[in-house]
Number of protein chains: 2
Amino acid sequence: MQYTGLLKQHSLKVTPQRTAILNEIEKAGHIDIDHLIEILRSSFPSISLATVYKNVNHMYETGILEVIKVPKHKLQYELMKEPHIHLACDQCGSVTDMHQCLDELIDSAETKSGFSLHHSSVVLNGTCPSCQTKSA
Amino acid sequence: MQYTGLLKQHSLKVTPQRTAILNEIEKAGHIDIDHLIEILRSSFPSISLATVYKNVNHMYETGILEVIKVPKHKLQYELMKEPHIHLACDQCGSVTDMHQCLDELIDSAETKSGFSLHHSSVVLNGTCPSCQTKSA
DNA sequence: ATCCTTGCAAATTCTTTGCAGTTAA
DNA sequence: TTAACTGCAAAGAATTTGCAAGGAT
């Protein structure tokens with residue numbers, strides 16, 4: 001299983017629920033708790049919401065997952081990757097990643113502010129191309 | 001009252017509660033619902049949490065307020081201003097604004113993605129200078 | 001006069017916790 | 001073996017809603 005190593009690195013035991021959670025988040029890119037458990041139930045009919053919450057929280061705390069908040073939507077989870085930009089569509093709620101380099105921005109902010117930065121959450125809101133077409 | 005015009009522009013009636021909410025948010029820079037109602041109660045002992053929620057939601061929807069989410073903290077409200085960067089300290093939870101220009105970033109994202117962007121939420125997480133000193 | 005807002009209480013929604021049984025290491 | 005994980009049920013937070021009285025335009 002491809003996530004075994006990742007879990008072990010962070011001192012989390014490898015359980016079927018956990019590898020399934022990581023697989024589904026990977027597949028979805030971004031996903032909120034409701035969609036996540038809905039999908040998980042097809043493989044684990046008795047999985048509990050509490051388990052999913054406990055796990056995503058653990059994974060967030062250990063740095064496996066990233067959490068993003070888009071106004072008007074529930075928290076969304078994704079695998080921790082390079083700093084990048086999230087484009088959120090106000091109409092359909094979809095989130096798209098854009099891997100533009102943020103190093104310059106972060107370095108400059110660090111220097112000017114004296115903060116020691118280790119994480120970034122950049123969410124740009126607007127209308128996605130597909131929703132622009134629909135409303136045109 | 002300085003916020004009368006702002007409320008009217010957005011078709012919200014001018015009430016003492018609303019101008020007080022805007023004044024306190026302005027004074028605080030960033031504030032969450034608990035701190036906000038705590039301060040408001042000193043002038044409006046009987047103000048209800050429901051009223052504050054209804055108002056910040058309305059003001060958010062009409063574009064008067066901006067909402068930012070820092071992991072592990074409640075939603076924070078601030079007056080809608082120029083796009084800028086939020087520096088969030090993981091230790092003390094404080095949020096500092098940095099008015100670095102984001103136009104380039106936004107323009108570039110818009111061009112590459114085809115999104116039509118109208119709002120940005122840039123939160124950089126780390127440790128503020130004061131907390132760095134404490135833990136040193 | 002009319003529609004909007006307030007504040008209360010209740011309802012909902014969201015998330016966490018305690019515990020007993022089970023499982024990974 | 002033992003410390004961690006799961007699932008259930010219940011508790012606890014956070015937020016929203018319905019409604020009657022009051023207020024802004």
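A, B, ... follow the sequence lines: proteins, then strands. Residue 1 opens every chain.
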Fill in: Any residue meeting salt bridge (Lys or Arg N to Asp or Glu O under 4.0 Å) with B:Asp32, in chain and number order, not counting sequence neighbours
none
Protein and nucleotides 23-25 of chain D: nitrogen or oxygen contacts under 3.5 angstrom:
unit_1, atom_1, unit_2, atom_2, d
D:dA24, N3, B:Lys13, NZ, 3.4

Response to the item:
Residues at least two apart in sequence or cross-chain that pass side chain to side chain contact (heavy atoms under 4.5 Å, CB included) with A:Leu79, listed by chain then number, are A:Tyr3, A:Leu22, A:Ile25, A:Glu26, A:Leu65
Response to the item:
Here the distance between atom P of D:dA14 and atom CG of B:Leu49, to the nearest Å, is 10 Å
Worksheet item: salt bridge (Lys or Arg N to Asp or Glu O under 4.0 Å) with A:Glu66: which residues, sequence neighbours excluded?
Response: none
Worksheet, complete the sentence: When rounded to whole Å, the CD1 to C1' distance for the pair A:Ile21 and D:dG7 reads 13 Å
Item to complete: For A:Lys74, enumerate each residue passing the salt bridge (Lys or Arg N to Asp or Glu O under 4.0 Å) test, keeping only those at least two apart in sequence or located in another chain.
Response: A:Asp34
Worksheet item: Are A:Gln17 and D:dG7 close enough that a side-chain N or O sits under 4.0 Å from OP1 or OP2?
Response: yes
Worksheet entry | Sub-4.0 Å heavy-atom contacts from residues 31-48 of chain A onto DNA chain D, ordered by number | A:Ser46, A:Ile47, A:Ser48
Worksheet entry | Spacing between B:Tyr60 atom OH and D:dT15 atom P, to the nearest angstrom | 14 Å
Discussion item. Can you give me the closest heavy-atom contact between B:Pro129 and A:Ser113, atom names plus distance?
Written reply: CG-O, 3.5 Å
Worksheet entry | Side-chain N or O of A:Asn55 closer than 4.0 Å to phosphate OP1/OP2 of D:dC5 | no
Item to complete: Using a cut-off of strictly less than 4.0 Å, decide whether B:Asn57 has a side-chain nitrogen or oxygen near OP1 or OP2 of D:dT15.
Response: no
Practice prompt. State which residues pass side chain to side chain contact (heavy atoms under 4.5 Å, CB included) with B:Glu110; sequence neighbours excluded, sorted by chain then number.
Written response: B:Asp107, B:Leu117
Worksheet item: Rounded to whole angstroms, how far apart are OH on B:Tyr53 and P on C:dT12?
Response: 18 Å
Fill in: Value rounded to 0.5 Å, distance of CG in A:Leu12 from OG1 in A:Thr4
12.0 Å
Response to the item:
B:Leu75 atom CG is separated from D:dT16 atom C1', nearest whole Å, by 14 Å
Fill in: Linked, directly or transitively: B:Val67 and B:Met80 (ILVMFWY side chains, under 4.5 Å)
no
Worksheet item: B:Arg18 has an atom CZ; how far is it from atom P of C:dC4, in whole Å?
Response: 11 Å
Worksheet item: Between the two ends of the helix from C:dA1-D:dT25 to C:dA25-D:dT1, what is the bend in degrees, rounded to 10 degrees, where each end axis spans five pairs?
Response: 50°
Polar pairs (N or O, both sides) under 3.5 Å between protein and nucleotides 17-21 of chain C?
unit_1, atom_1, unit_2, atom_2, d
C:dG18, O6, A:Lys54, NZ, 3.2

Response to the item:
Rounded to whole Å, CG of B:Leu22 lies from C1' of C:dT5 at a distance of 15 Å
Worksheet item: If you measure from CD1 on B:Ile85 to CG on B:Leu124, what distance do you get to the nearest 0.5 Å?
Response: 5.5 Å
Worksheet item: Under the side-chain hydrogen bond (donor to acceptor under 3.5 Å, both in side chains) rule, what pairs show up with a residue in residues 9-18 of chain A, not counting sequence neighbours?
Response: A:Arg18-A:Asn55
Practice prompt. Could you note down all residue pairs passing ring-ring contact (aromatic ring centres under 6.0 Å, His included) where residues 82-115 of chain A supplies at least one of them, sequence neighbours left out?
Written response: A:His30-A:His86, A:His84-A:His86, A:His84-A:His99
Response to the item:
Taken to the nearest whole Å, CD/A:Glu61 to P/D:dC5 is 12 Å
Discussion item. If the condition is salt bridge (Lys or Arg N to Asp or Glu O under 4.0 Å), which residues does B:Glu78 pass it with, not counting sequence neighbours?
Written reply: none
Worksheet item: Is any side-chain heavy atom of A:Lys27 less than 4.5 Å from a side-chain heavy atom of A:Ile39?
Response: no
Worksheet item: Side chains of B:Cys128 and B:Thr96: does their closest heavy-atom pair fall under 4.5 Å?
Response: no
